[in-house]
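Contents: one structure, followed by commentary.
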Amino acid sequence: MLNVKRLAGEQDLTTTTSPYARKSSHTFHIDLLECLTDAVLSADKRLFSLKKFDIIVATGFKEVHLSPLAENSKAAASFRLLQIDLAYPDPLNQYLVADNALIHDLMNDKSGKYAYIVFQNLADGMTNGYINLLEILAKRDKDEYNDFQVQRLAGLLLTELLHQHRQKISKSRSNFPRKNVRHANRDAQSGAIMTYLTQKNGQVSLKEAAQYFGYQANYFSRLCRKLFATDFVHLRRNIRINLAEDQLLLTNKKLEEIADELGYQDLSSFSKAFAESTGFSPGKYRKKYGIKTSR
C-alpha cells in the first residue's frame, strides 16, 4: 500500500493512528516526510530546523509539530508525507534496500517505540525525483504492476538515502531504534549513543551512559573514542553546544534559561563553553544567525 499526501502550513502530525499504519507479518511499514520548504520541527521535546528536500524516515510520527521558519512565515511551510508498506524480501532485507544496517534496524525493530532518521544534504534531486514518481503511482489504479513498481522505487529511494549516508544522516537529530548496541555495526552504535546523550541534554556521566548500554566505563570510553574520534567528555560537550545552537536559532528563550536546561552552573560557564566551540558568544550568535519564531 502507498499513500502520498501534501501538507501545507502549520501541522500537528500523528500517523500512528492512521489507517495506513498497518501491522503485518508480511510487510514493513514506514512513514517518510519530505520538506518542500525550509521548516521547523518540534518532536520529543526537541526543536530543530529542516532545509528544503530534507527527509525523515520513521516507523511512525507521534505528536510532531511542523511550522515554517518565522522569517518565511508569510509563505506556508510545505511537506510531502508518504506512507508505504514494503514486502519483506527473501532473503530478508538484502534486495530491497541494499545491505545497510540502518534501515534494516528500522525494519526489524520490535520495541514498539517510534524511531526516525533525519537525512540532510539531499539537494542533488535524486530522492526528490523518486518521490515524484511514487506520487504519480499513488494516483493510479492499484494492480500487481503498480505494486511491483512501488516496491522497487521505494527500495531505490531508501538505497539512495543510504548512499554516502555518513554525509547525510544527522545523528544528533535522529532517534535511532537500538538500545542493545553490543553486536550492532558502527553506524547503529554511534546513532544509538548520540540519541541517548541528546535525550539527556548531554547531562549524563560516563558511568551512567556505560551502564545504560551494558558496558564497563573504561570499555565504553574507548568505544566512544573509536566511534566519534573524540573522548566522552568532548562528545557530551559537543552535543550540548549543538542543542544550544538550536535553542538560540529557533527560540526566544533567555540565555539563562538555555544554560540551566543544558546543565551549566551559570550563564558565564555556558557563554565560555559556547564561545570556545563556535567563536561567538551566545548573544552574538543569536543576533547573527537567530530566527525569531512566531511561537
Original post:
Crowded around E256 CD? As in, over 12 foreign heavy atoms under 6.0 Å?
Top reply: yes
**OP:** Group every Ile, Leu, Val, Met, Phe, Trp and Tyr by side-chain heavy-atom contacts under 4.5 Å, then state whether V233 and F220 land in the same group.
**Re:** no
**OP:** Could you note down all residue pairs passing ring pair (Phe, Tyr, Trp, His ring centres under 6.0 Å) where residues 245-264 supplies at least one of them, sequence neighbours left out?
**Re:** Y264-F270
Original post:
Stepwise, does the side-chain contact (heavy atoms from CB on, under 4.5 Å) test hold for Q149 with R152?
Top reply: CA-CA 5 Å; Q149 290 174 301; R152 295 302 175 266; 6.0 Å; no
Original post:
Do other residues, nucleotides or ligands put more than 12 heavy atoms under 6.0 Å from E144 CD?
Top reply: yes
**OP:** Indicate yes or no: at least one non-hydrogen side-chain atom of S281 is less than 4.5 angstrom from one of S271.
**Re:** no
Original post:
Would D31 and Y116 satisfy side-chain contact (heavy atoms from CB on, under 4.5 Å), going step by step from the backbone distance to the final call?
Top reply: CA-CA 9 Å; D31 289 343; Y116 56 87; over 6 Å; no
Original post:
Looking only at heavy atoms, which two atoms of A43 and V64 are closest? And how far apart?
Top reply: CB-CG2, 3.9 Å
Subject >> Under the side-chain hydrogen bond (donor to acceptor under 3.5 Å, both in side chains) test, residues paired with R173 that sit two or more places apart >> reply: D246
**OP:** Measure the shortest side-chain to side-chain distance between K226 and Q189 over non-hydrogen atoms and say whether it is less than 4.5 angstrom.
**Re:** no
Original post:
Is a side-chain N or O of R80 found less than 3.5 angstrom from the main chain of E34, in a donor-acceptor match?
Top reply: no
**OP:** Could you tell me whether the side chain of V118 reaches within less than 4.5 Å of the side chain of L41, counting heavy atoms only?
**Re:** no
Original post:
Are T37 and K52 close enough that some pair of their side-chain heavy atoms sits under 4.5 Å apart?
Top reply: no
Original post:
Under a 4.5 Å side-chain heavy-atom rule over Ile, Leu, Val, Met, Phe, Trp and Tyr, are L36 and F79 clustered together?
Top reply: no
Original post:
OH/Y145 to CZ/R140 distance, rounded to the nearest 0.5 angstrom?
Top reply: 13.0 Å
Original post:
Would you say N218 has more than 12 foreign heavy atoms packed within less than 6.0 Å of its CG?
Top reply: no
Original post:
What's the shortest heavy-atom distance between S190 and L227, and which atoms?
Top reply: N-CD1, 3.9 Å
**OP:** Verify side-chain contact (heavy atoms from CB on, under 4.5 Å) between V150 and M1, making sure each step is shown before the conclusion.
**Re:** CA-CA 8 Å; V150 167; M1 178 179 289; over 6 Å; no
Subject >> K253 NZ to R286 CZ distance, which is reported to the nearest 0.5 Å >> reply: 10.0 Å
**OP:** Give, for atom OG1 of T16 and atom CD of E63, the distance between the pair rounded to the nearest 0.5 Å.
**Re:** 8.0 Å
**OP:** Please answer whether the main-chain N or O of D147 pairs with a side-chain N or O of K142 as donor and acceptor at a distance below 3.5 Å.
**Re:** no
Subject >> Test log, rule side-chain contact (heavy atoms from CB on, under 4.5 Å), inputs I117 and L161 >> reply: CA-CA 10 Å; I117 301 176; L161 288 172; over 6 Å; no
Subject >> E208 side chain reached by Y212 side chain, heavy atoms, under 4.5 Å >> reply: no
Original post:
Side chains of E261 and N201: is there a donor and an acceptor less than 3.5 Å apart?
Top reply: no
Original post:
Does NZ or CZ of R236 lie under 6.0 Å from the centre of the six-membered ring of F232, at an angle within 45° of the ring axis?
Top reply: no
Subject >> K62, NZ: over 12 other non-hydrogen atoms inside 6.0 angstrom >> reply: no
Subject >> Exercise: identify the closest heavy-atom pair between L134 and A154 >> reply: CD2-N, 4.3 Å
Subject >> Main-chain N/O of P282 paired with K284 side-chain donor or acceptor, under 3.5 Å >> reply: no
Original post:
What distance do D85 atom CG and N3 atom CG have between them, rounded to the nearest 0.5 Å?
Top reply: 10.0 Å
**OP:** Compare every heavy atom of L262 with every heavy atom of A244, then report the nearest pair and how far apart it is.
**Re:** CB-CD1, 3.6 Å
Subject >> Min side-chain heavy-atom separation I55-N128 under 4.5 Å >> reply: no
Subject >> Reference residue L33; test side-chain contact (heavy atoms from CB on, under 4.5 Å); the match among T15, L50, L82, L66 >> reply: L66
**OP:** Would you tell me whether D266 and S269 have side-chain atoms, one donor and one acceptor, within less than 3.5 Å of each other?
**Re:** yes
Original post:
Does any non-hydrogen side-chain atom of F61 lie less than 4.5 Å from one of I56?
Top reply: yes
Subject >> Side chain to side chain, Y196 and V204, heavy atoms closer than 4.5 Å >> reply: yes
Subject >> Side-chain (H165) to main-chain (L162) donor-acceptor, under 3.5 angstrom >> reply: yes
Original post:
Atom CG in L235, atom CZ in F228: separation rounded to 0.5 Å?
Top reply: 5.0 Å
Subject >> Gap separating the CG atom of N238 from the OG atom of S277, nearest 0.5 angstrom >> reply: 6.0 Å
**OP:** Mark yes or no for whether T195, through its side chain, and S174, through its backbone, hold a donor-acceptor pair below 3.5 Å.
**Re:** yes
**OP:** Group every Ile, Leu, Val, Met, Phe, Trp and Tyr by side-chain heavy-atom contacts under 4.5 Å, then state whether L153 and F148 land in the same group.
**Re:** no
Subject >> Heavy-atom pair with the smallest gap, counting every atom of N121 and Q167 >> reply: ND2-O, 2.6 Å
